[in-house]
Student: 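Please find one structure pasted underneath; my questions will follow.
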Amino acid sequence: MHILVTNDDGPPSPTSSPYVHSLVRELQKSGHTVSVCLPHTQRSWIGKAHIIGQTVKPLYYRPSETFDPSPSAASQAQGSTYTRPGKNSKEEEWILVDGTPASCAQIGLHHFFHEKGPVDLVVSGPNYGRNTTAVFALSSGTLGGALEAAVCKRKAIALSYAFFSRNHDPSIIDAASRHSVRVIEKLYAQWPTDKSIDLYSVNVPLIEGVEEQKTLWTEMLQNYWSQSGSCFEEVEGSVGDEDEEEERIREGEESKASSAPKLKTNGDAGEESQTGYPHRHFKWAPKFTDVHKSVEESPPGNDGWAVKEGFTSITPLKANFWHAATHLHGEELKLDVSGSQGVTMSTSTLIYRPKQHFYALIAYEDPYVQPLILSALQKFFPPEAYTLLPMPSSAVSGEPISLSKLLPDSSNSRILQITPYEAINWDYVALHPDTCLVNSYMLRKALIRKHYLSATVEQWVAKRPDSVLKTHVKRSEAFELDYAEFLDDALVEAFDLRASLERNAEAEQDHETEWWILKPGMSDRGQGIRLFSSMEELQGIFDEWDEGLSDSEDEDEDEDEDEHEGGRGGNGDDDTAERDNGITTSHLRHFVAQPYIHPPLLLPGDNRKFHIRTYVACIGSLDVYVYKQMLALFAGKPYVAPSTTSPSTEEIDLEAHLTNTCLQRSVRDGTVQRFWDIALRQQAKDDIFRQVCDVTGEAFEAAARAMLMHFRPLANAFEVFGLDFLVDAAGTPWLLEVNAFPDFKQTGDELRGLVEGLWEGVLGRAAVPFLGGGGDGGDGRDIGVGVGVGDGEEGEDQMVLVRRLDLGR
């Protein structure tokens, strides 16, 4: 191919431009036609500038056949310069112009070398020193030359050599050039045709064995100058010339800025300056301490880190300072075997981007789940099908992310967002129903808040007395209470609860006590759960909580929780809230009391109570899937019926009654198991699973049809819920609660594959139909229709469709 070479270091020189000769020769050895247009002197740190008002004049440089880059050869004549072009067209001649690297790209592309045919690729470099990280790249003349070529609609590569010693070893330089040619050829051969990449910034470390080291796709490290100092120092006059200063900077000198000289007035001695400013000169003297520190402290994956580790870095860029092809970051560019003939595409990791390309913002904020989501995404979509977007540095926790500012393309760009609820911009979601897919519904508290769930079931069952919810959800008594002293007033309409407590009070000693469980309506992870069987015990619970609240906290409780749907809606698995006597004070307002389920199902040889965690995926508006791979979560201690303990709730060991893994003193072996592995007859497990599917489908239909103001599915959304069921001794699973954004960490590392399979099933049914893709998910519509049984053998679909609703919205 025809390659135009430019740089910002000027013609070959052991002191200022020791690499360009080697690269040109290696390109020529590989059979490429090479044209060269360089600045006539070094133009480092000038970026993509042009000098306006100047007539740019060329010189003609005839390079020597060989070149010695060692500093000792600085006084030797290696190549010659002329003011007029040579008459022998067969003699190699480079163009030198008294302009910038960007000007060289323009002049080389449009005013010289036409006899060689169109330029296929512009290579700017190799730069004398690295151009990793933003501080270097933003000012780099090397990148400036490549950027100018890119905006001229030419493919361009900015190439930089990161040296670690000024004692240049020609063999190391030649090896770097050979390696660079292989990288250049590979990038050119697999250049995307969809204009997703304008140029590449390539940094090659000058180390022994560089050809055997990895070549990695990286992002550009964002770093900054130190705020404590200037890049200039004050001097009393012109000190040195530009070439001397550039050489001094390259040698790594970081001299401290001299103390300000005694100021002199700008005029005759003794007279006041008209401007009031002291007259000073300023010399370029950048201090790189903080720049180098930023690389040392940065995590793996960026260009600075890669070069520091001895790897070649490739950063895909657009000619607008946006990162491009971020899905490649951290991957390795598979180069062809050194010495092979031609360029093959078989090992390419950057294939052409399809028309159905989309962007993905995956920031789940859970290190356990994040890689599993990314893995699932990779299963259905090839890497060229999507671009991963980084979380914007300006993002504020708890506030929506502006997708319109984050997306590099127009508003028609399709995007998949999987983030915390609070990071979703619901206005953007509503305005882009066909191009934006998010991982949560806006309204769903009809299920995820305990007091709303109670109202949802009660309203549904009242109109449908034969509903399965009537026999699988305990009727709850929901009430509001601000202060313990008003408990009697709060329970005026809690008829079943009052009647039960009165029966307990009047019962004979051998009468079986009816126990109740108290749950704050907005709590999670077992916070504030208590057992009671009398009004005295219930009153004591609230008196205990009242003592722990200050006046200011009492006022905070009055804040209307309906103002925010919230990520977990106050009923998730998050464990970050501060607790006061086992409950977050903001939860002390809404409560539900339910009959305690006794006796629970206990397994043969294991008398620990357990509950079933069922993952449910809601897709669009509305398909409801139950993930077959359920979990059995066991209590930390053997079960003891509450009636056999002291009537005082303070003496009831909740660790024997509550199966939340977060409440146990230690998560011991066997605490979390696959449901299908527990010691229970297969028929019994099949029957439990059938009931779970029936109850789940009915619960979500009840919310969608009866609670329109509090559960509203969206066609361009999906959500994963965690439902908890407790199975009684008769084998009936009772729905306890519905959790948004469930905590997957409780699954543990041994069952990580179970969670990975869940996300594969979810994305296969939500992302594939919406964004287009491949894999086993098909279009996601007809997979798993009907309720299956069994333990989920290999090849059997694990996502069971339990409801498909047409809500007419």
Side-chain angles (χ1 to χ4, degrees), residues 3-11 13 16-17 19-20 23-24 35-54 56 58 94-112 119 121-162 180 184 187 197-204 220-223 225 231 242-243 245-246 249-250 284 286 291 303-304 313-324:
I3 299 175
L4 172 64
V5 173
T6 186
N7 70 6
D8 70 352
D9 294 323
S13 165
S16 61
S17 183
Y19 309 141
V20 65
L23 178 70
V24 170
S35 299
V36 183
C37 185
L38 311 175
H40 75 296
T41 187
Q42 68 86 11
R43 293 294 187 204
S44 296
W45 295 91
I46 204 167
K48 199 188 82 64
H50 296 287
I51 302 175
I52 61 173
Q54 172 190 343
V56 178
W94 299 359
I95 306 299
L96 308 181
V97 298
D98 57 345
T100 66
S103 299
C104 291
Q106 279 275 354
I107 292 172
L109 284 171
H110 299 296
H111 300 281
F112 285 97
V119 171
L121 176 69
V122 175
V123 175
S124 183
N127 188 65
Y128 187 6
R130 70 197 67 197
N131 272 310
T132 56
T133 80
V135 163
F136 289 110
L138 287 172
S139 299
S140 167
T142 300
L143 264 76
L147 282 167
E148 186 66 29
V151 297
C152 290
K153 298 183 179 181
R154 298 301 206 285
K155 297 180 177 67
I157 296 174
L159 177 64
S160 305
Y161 289 176
S180 297
I184 290 168
L187 293 178
I197 296 174
D198 291 332
L199 70 154
Y200 294 96
S201 176
V202 178
N203 284 270
V204 178
M220 184 179 293
L221 176 64
Q222 178 65 66
N223 59 354
W225 291 116
C231 288
E242 290 81 355
D243 289 337
E245 295 311 307
E246 176 63 23
I249 292 172
R250 292 192 195 284
W284 176 246
V291 177
D303 54 355
S313 75
I314 304 176
T315 303
L317 298 171
K318 290 288 288 181
N320 54 10
F321 296 109
W322 274 92
H323 284 306

Student: When you measure from the side chain of Ser124 to the backbone N and O of Thr142, does any donor-acceptor pair fall under 3.5 Å?
Tutor: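 Side chain of Ser124 to backbone of Thr142: a pair is present.
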
Student: Assess the side chains of Ser180 and Tyr161: does a donor N or O sit below 3.5 Å from an acceptor N or O?
Tutor: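 Result is yes, a qualifying pair exists.
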
Student: Which pair of heavy atoms, one from Val97 and one from Cys104, lies closest together, and at what distance?
Tutor: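 Val97 and Cys104 have their closest heavy atoms at CG2-SG, 3.3 Å.
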
Student: Drop me the distance from Asp8's CG to Ser139's OG, to the nearest 0.5 angstrom.
Tutor: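 Reported value, rounded in 0.5 Å steps: 11.0 Å.
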
Student: Between atom OH of Tyr200 and atom CG of Leu317, what is the distance when rounded to the nearest 0.5 Å?
Tutor: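 Tyr200 atom OH to Leu317 atom CG measures 10.0 Å (nearest 0.5 Å).
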
Student: Less than 4.5 Å apart, side chain to side chain, heavy atoms only: is that true for Val5 and Val20?
Tutor: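 Result yes, sub-4.5 Å side-chain heavy-atom pair found.
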
Student: Given side chains that start at C-beta, do those of Arg43 and Asn7 come closer than 4.5 Å, heavy atoms only?
Tutor: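 A side-chain contact under 4.5 Å is absent here.
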
Student: Would you say Gln42's side chain and Ser44's backbone share a donor-acceptor pair under 3.5 angstrom?
Tutor: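 Confirmed, Gln42 side chain pairs with Ser44 backbone.
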
Student: Could you report the tightest heavy-atom contact between Gly129 and Tyr19, atom names first, then the distance?
Tutor: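 For Gly129 versus Tyr19, the nearest heavy atoms are N-CE1, 4.3 Å.
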
Student: Are Trp94 and Val24 side-chain neighbours, meaning at least one heavy-atom pair lies under 4.5 Å?
Tutor: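 Answer yes - side chains close enough.
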
Student: Please work out which of the three classes, parallel, tilted or perpendicular, describes the rings of Trp284 and Trp225, given edges at 30° and 60°.
Tutor: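 Rings of Trp225 and Trp284: perpendicular, over 60°.
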
Student: Testing the 3.5 Å rule here: is there a donor-acceptor pair between the side chains of Thr133 and Asn223?
Tutor: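 Yes, side-chain donor-acceptor contact under 3.5 Å.
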
Student: Determine whether Leu187 and Ile314 make a side-chain contact, defined as any pair of heavy atoms from C-beta on separated by less than 4.5 Å.
Tutor: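 SC-SC contact between Leu187 and Ile314 confirmed.
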
Student: Is there a side-chain contact (heavy atoms from CB on, under 4.5 Å) between Ile184 and Val123 once you walk through the steps?
Tutor: CA-CA 9 Å; Ile184 290 168; Val123 175; 4.0 Å; yes

Student: Would you give the length of the straight line joining atom OG of Ser140 to atom NZ of Lys48, rounded to the nearest 0.5 angstrom?
Tutor: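 It is 13.0 Å, given to the nearest 0.5 Å.
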
Student: side-chain contact (heavy atoms from CB on, under 4.5 Å) between Ser201 and Leu143: does it pass, once the steps are laid out?
Tutor: CA-CA 7 Å; Ser201 176; Leu143 264 76; 3.9 Å; yes

Student: Yes or no on side-chain contact (heavy atoms from CB on, under 4.5 Å) for Ile157 and Leu199, after CA distance, side-chain angles and deciding distance?
Tutor: CA-CA 5 Å; Ile157 296 174; Leu199 70 154; over 6 Å; no

Student: Going by heavy atoms in the side chains, are Ile3 and Val119 under 4.5 Å from each other?
Tutor: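 No, too far: nothing below the 4.5 Å cut-off.
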
Student: Quick one: sort the Trp45 and Phe136 rings into parallel, tilted or perpendicular, breaks at 30° and 60°.
Tutor: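 Because their plane-to-plane angle lies in the 30° to 60° range, the rings of Trp45 and Phe136 count as tilted.
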
Student: Under a 3.5 Å cutoff, is there a donor and acceptor pairing between the side chains of Asp9 and Ser16?
Tutor: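 No, because no side-chain N or O of Asp9 sits under 3.5 Å from a partner of the opposite role on Ser16.
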
Student: If I take atom CD1 from residue Ile107 and atom CD1 from residue Ile95, how far apart are they, to the nearest 0.5 angstrom?
Tutor: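 Between Ile107 CD1 and Ile95 CD1, I get 9.5 Å after rounding to 0.5 Å.
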
Student: About how many Å separate CG of Leu38 and OG of Ser17, when rounded to the nearest 0.5 Å?
Tutor: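 Nearest 0.5 Å value for the OG-CG distance: 7.0 Å.
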
Student: Whether the side chain of Ser103 engages the backbone of His50 through a donor-acceptor N/O pair (distance < 3.5 Å, no angle test) should be reported.
Tutor: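 No; judged by distance alone, with no hydrogens or angles, the pair does not exist.
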
Student: Considering all heavy atoms of both residues, which atom of Ala156 and which atom of Leu121 are nearest to each other, and what is their separation?
Tutor: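 Closest approach of Ala156 to Leu121: N-CD1, 3.9 Å.
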
Student: Evaluate Met220 against Ser313 for side-chain contact (heavy atoms from CB on, under 4.5 Å), listing each step before the verdict.
Tutor: CA-CA 9 Å; Met220 184 179 293; Ser313 75; over 6 Å; no

Student: Ignoring hydrogens and geometry beyond distance, is a side-chain donor-acceptor pair present between His111 and Gln106 at under 3.5 Å?
Tutor: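 Gln106 and His111 do not have a side-chain donor-acceptor pair below 3.5 Å.
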
Student: Can you measure from CG (Asp303) to CZ (Arg130) and round to the nearest 0.5 angstrom?
Tutor: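 These two atoms lie 10.0 Å from each other.
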
Student: Taking C-beta and beyond as the side chain, do Val204 and Leu159 meet within less than 4.5 Å on heavy atoms?
Tutor: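 Yes; the side chains approach each other to less than 4.5 Å.
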
Student: Any sub-3.5 Å donor-acceptor pair from Asn203's side-chain atoms to Asn131's backbone N or O?
Tutor: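 Answer holds: yes.
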
Student: Between Asp198 and Lys318 (salt bridge meaning N to carboxylate O under 4.0 Å), is one present in this structure?
Tutor: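 So Asp198 pairs with Lys318 through a salt bridge.
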
